Amino acid sequence: MVYIAGIPDPLLARTMIADRIKNVKDSGTMKMKEIAGQKKAEGKKIISFTVGEPDFDTPKHIVEAAKKALDEGKTRYLDAPGLPALREAIAKRSKDGSGIPCDASNVLVTPTKQAIFETIMATVNPGEEVIMPDPAWVTYEPCVALAGGKAVPATTREESEFRLLPETVAELITPKTKMILINSPSNPCGSVATKADIKGLADLAKDHDLVVLSDEVYENIMFDGLKHYSIAAEPGMFDRTITVNGFSKTYAMTGWRLGWLVAPKPLFKAVNKVQQHSITHATTFAQYGGLAALTGPQDCVKEMVKEFSERRDLVMRLMKEIPQLHCDKPKGAFYVFPRYESKMDSEAMALYLMDKAEVALTGGASFGGAGAQHLRISYATNKKNIEEGMTRLKKAFEGM
Ligand SMILES: Cc1ncc(COP(=O)(O)O)c(C=O)c1O
């Protein structure tokens, strides 16, 4: 490396970095989280609505199971797909709970984000297109870019609850389309696919011979008695669908880095190769915690979902008092995605609110072009913070 006055030569530094990384954007949610962290370090009392992380502790029986595993020396390598008992438990849950016709041999234990990365690396060729919702979670597009593929945004709209509509997807299918990526309940909009949406998307995948990646990580965080539909359970869909899911959101286990995917055999084998040559397997003792989560009492999940539902209602009630924000009640996950009235772009608006209201949230454009003029508020924080944060937002909008 050549240094000019102690600083690395930027041209040389550029040549060291692979082109595939140069095209990858930094995460908008992480950026706002970092800025909020700096402000907090400066002594500012920032209320954070940025990160999609439950604020609850991991339930005790899950922690105890992982501790016990450590005490018993469960600290060695496993086979890449994961702990057999955990794979069994995931298969049972996927089959009995979601109707996915799988068994343990279809299950790969891996962090959810890794599951998405591995799926895309194992299926998408350079130049192939992946249709995904717009707005969408910030990580999908970079994963497709890393594989050399092209993300094709399918605009979702406020009028149709930000659901990914089959008719929108149909218009985007080309000979290069390889995959449809779906996410219900969704980040950042909290939208939930209807049975008709799932059926329509399944028909498109079958008619055009496409792979489906279904991210169901918020499956359990749904409100008002709504039902979740897994596309892999639709007739003829299991053979072309990889379903990803995980422990982070349902059991407040974000730091455990644990989730799973369920795939038909040929896709499973391909994805498992990426796993073998990247992370080998998910952390051994964490998998014992995961096993306790799935096989132990589920009251903890019910309690957390009830709390999220109350928080959603609280955010919605407080938002009604801010005339510059507009949003219908989301049906799942723990986000609201209001449209705001202002000429400012969404990043500038998020920075303005950080400055004026000392509230950290994410500009909607971080999630895609259709997120412009929106803000994402994560309500995975306690009610006191929600009340304080929304009151500050009200004042900041009044002062504009
Ligand atoms: C839609 C969606 N999918 C996947 C993930 C990744 O989950 P994990 O942190 O368990 O890897 C997230 C995390 O925020 C998410 O919002």
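Note that this is a predicted model, so its numbers are computed, not measured. Start at 1 and go down the list; that is how both ligands and their atoms are numbered.
- Between Lys249 and Phe334, the closest side-chain pair of non-hydrogen atoms falls below 4.5 Å.
- Residue, atom and distance of the protein heavy atom nearest to atom 9 (O) of ligand 1 are Arg257 NH1, 3.1 Å.
- Asp79 contributes no side-chain N or O that, together with a main-chain N or O of Gly82, makes up a donor-acceptor pair within less than 3.5 Å.
- Using a 4.5 Å heavy-atom cutoff, the side chains of Glu347 and Ser366 are not in contact.
- With a 4.0 Å cut-off on non-hydrogen atoms, Tyr218 touches ligand 1 through its side chain and not its backbone.
- Between the side chains of Lys265 and Ser105, at least one donor-acceptor pair of N or O atoms lies under 3.5 Å.
- Residue Tyr335 places no N or O, backbone or side chain, under 3.5 Å from any N or O of ligand 1.
- Atoms of ligand 1 found under 4.0 Å from any heavy atom of Ser248, numbered from 1 in the order shown, are 8 (P), 9 (O), 10 (O).
- Heavy-atom proximity to Tyr140, at under 4.0 Å, picks out these atoms of ligand 1: 1 (C).
- For atom 7 (O) of ligand 1, the nearest protein heavy atom (residue, atom name, distance) is Thr112 CB, 3.7 Å.
- Within ligand 1, counting atoms from 1 as listed, the ones closer than 4.0 Å to a heavy atom of Asp215 are 1 (C), 2 (C), 3 (N), 4 (C).
- Under the 4.0 angstrom criterion for non-hydrogen atoms, Asn183 is in contact with ligand 1.
- Both tests do not hold together for Lys74 against Phe285: distance to the six-membered ring centre under 6.0 Å, angle to the ring axis within 45°.
- At least one side-chain heavy atom of Ile182 sits under 4.5 Å from a side-chain heavy atom of Ile180.
- Each of the atoms 11 (O) of ligand 1 lies under 4.0 Å from some heavy atom of Lys113.
- Residue Thr50 comes nearest to Met32 through the heavy atom pair CG2-CB, 3.8 Å, listed as atom of the first residue, atom of the second, then distance.
- Every atom of ligand 1 is numbered from 1 in the order shown, and the set under 4.0 Å from a heavy atom of Lys249 is 12 (C), 13 (C), 14 (O).
- Taking the six-membered ring where the residue is Trp, Trp137 and Tyr140 present perpendicular rings, their angle passing 60° and hence far from 30°.
- The nearest protein atom to atom 6 (C) of ligand 1, hydrogens excluded, is given as Trp137 CH2, 3.5 Å; this is a heavy-atom distance.
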